[in-house]
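To keep things clear, I will list the structure first and then write my remarks on it.
Bear in mind the structure is a predicted one, so any value in this text is a computation, not a measurement. Atoms within a ligand are numbered from 1 in the order they appear, just like the ligands themselves.
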Amino acid sequence: MTINKVIVELGERSYPVFIGHGAISEINTVIPKTAQRAVIVTQENIRFAVKLDIPSITVPIADGERNKNLQTIEFVSQKFAEFGLTREDVVIGLGGGMVTDVAGYAAAGWHRGTAVVHVATSLVGMVDAAIGGKTGVNTSAGKNLIGAFWQPRGVICDLDALATLPENEMRCGLGEIAKYHFLSGDDLLKLEMPERVARCVKIKAEIVSADEREGGRRALLNYGHTLGHALERSGNFSLAHGEAVAIGMIFAAHLAHVLGRIDQARVDQHYKVIGQTYGLKVKPENKIDRSELIRLMHGDKKAVTGLTFVLDGRSGIETVKDVSEQQLHRAFDAMQLVEK
Ligand code: GLY
């Protein structure tokens with residue numbers, strides 16, 4: 001049984017990510033030596049066992065993006081208090097992206113910073129959410145608008161956890177893997193799953209090491225996310241994150257074409273990779289409200305000066321500022337979506 005180890009290099013805050021079948025066996029190696037107790041933040045439907053060398057309690061949180069909010073942080077923090085969790089102890093986030101975002105943010109705030117270890121049980125968690133220290137919750141104004149950069153002490157990506165992952169969750173992960181396909185140019189589907197996950201982790205680790213707080217290059221990880229987030233919110237999260245990101249990348253390809261950054265062949269390649277290679281939806285099944293999506297995109301936190309997009313181009317994928325509404329309309333027209 002091979003367990004891959006990738007280090008996220010961040011000086012004294014560097015940490016290992018263990019990837020492979022049975023990687024959970026490494027959990028006790030990433031628990032801080034000072035920790036005398038642990039709170040495991042998870043969800044009822046997560047059936048993946050974690051055996052720790054220290055006493056622990058399990059705190060299940062409600063499912064679904066709409067519960068990724070400050071009330072859940074308050075609930076979890078209350079459980080920390082009841083258990084007597086101190087700053088020397090540890091929080092474990094056991095679950096998908098929602099769980100690790102909540103556990104990470106609660107840990108970041110608890111006593112102004114308590115260690116957190118993530119055990120990612122979804123494909124999205126393994127290739128993206130659990131790595132890189134972004135934590136946070138949603139507000140009515142947008143996704144992940146309240147949060148903190150709080151790096152974990154270690155991350156476990158045990159592929160055994162994927163055995164019971166629902167198919168739509170797997171598709172969701174493939175959406176994020178398709179993103180790495182465009183960022184790196186690698187044909188990731190050629191690799192077996194453990195190596196594929198390890199390769200994605202390595203790509204993300206390198207980007208995070210170079211730009212931890214998203215001053216530049218890390219923003220590229222948001223490829224497909226500007227429309228993706230708007231689609232998720234407009235459908236009240238009925239579209240899963242990775243599926244929304246996949247459609248967002250198709251939109252980004254059309255927009256890049258409108259801006260003269262890529263040719264039609266490259267747009268077609270996006271359809272081929274996302275629709276055929278990764279088997280993901282290339283447009284929403286439901287009717288869309290274009291003006292609502294544009295409004296939501298303006299609310300996206302990456303919109304600093306006008307609308308900012310991450311777009312493909314001749315020099316690769318880059319951040320492009322001040323995209324006009326007229327250009328957005330031309331990209332929507334090219335997608336031929338059914339509108340309300
Ligand atoms: N999920 C994007 C990032 O971690 O920066």
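- Below 4.0 Å from some heavy atom of L221 lie the following atoms of ligand 1, by number and element: 2 (C), 3 (C), 5 (O).
- Between F182 and Y223, the ring planes are perpendicular. Angles over 60° get that label, and only those under 30° would be called parallel.
- Between L188 and R199 the shortest heavy-atom distance is CD2-CG, 3.5 Å.
- Checked against E212 for a salt bridge (charged side-chain N to carboxylate O under 4.0 Å, His left out), the options R13, K134, R218 give a single hit: R13.
- For the pair K134 and ligand 1, the shortest N or O to N or O distance falls below 3.5 Å.
- Judged by the shortest distance from any of its heavy atoms, K204 lies inside the 4.0 Å radius around the atoms of ligand 1.
- Aromatic pair H241/H225: ring centres closer than 6.0 Å.
- Considering backbone and side-chain N/O atoms, R218 comes within less than 3.5 Å of an N/O atom of ligand 1.
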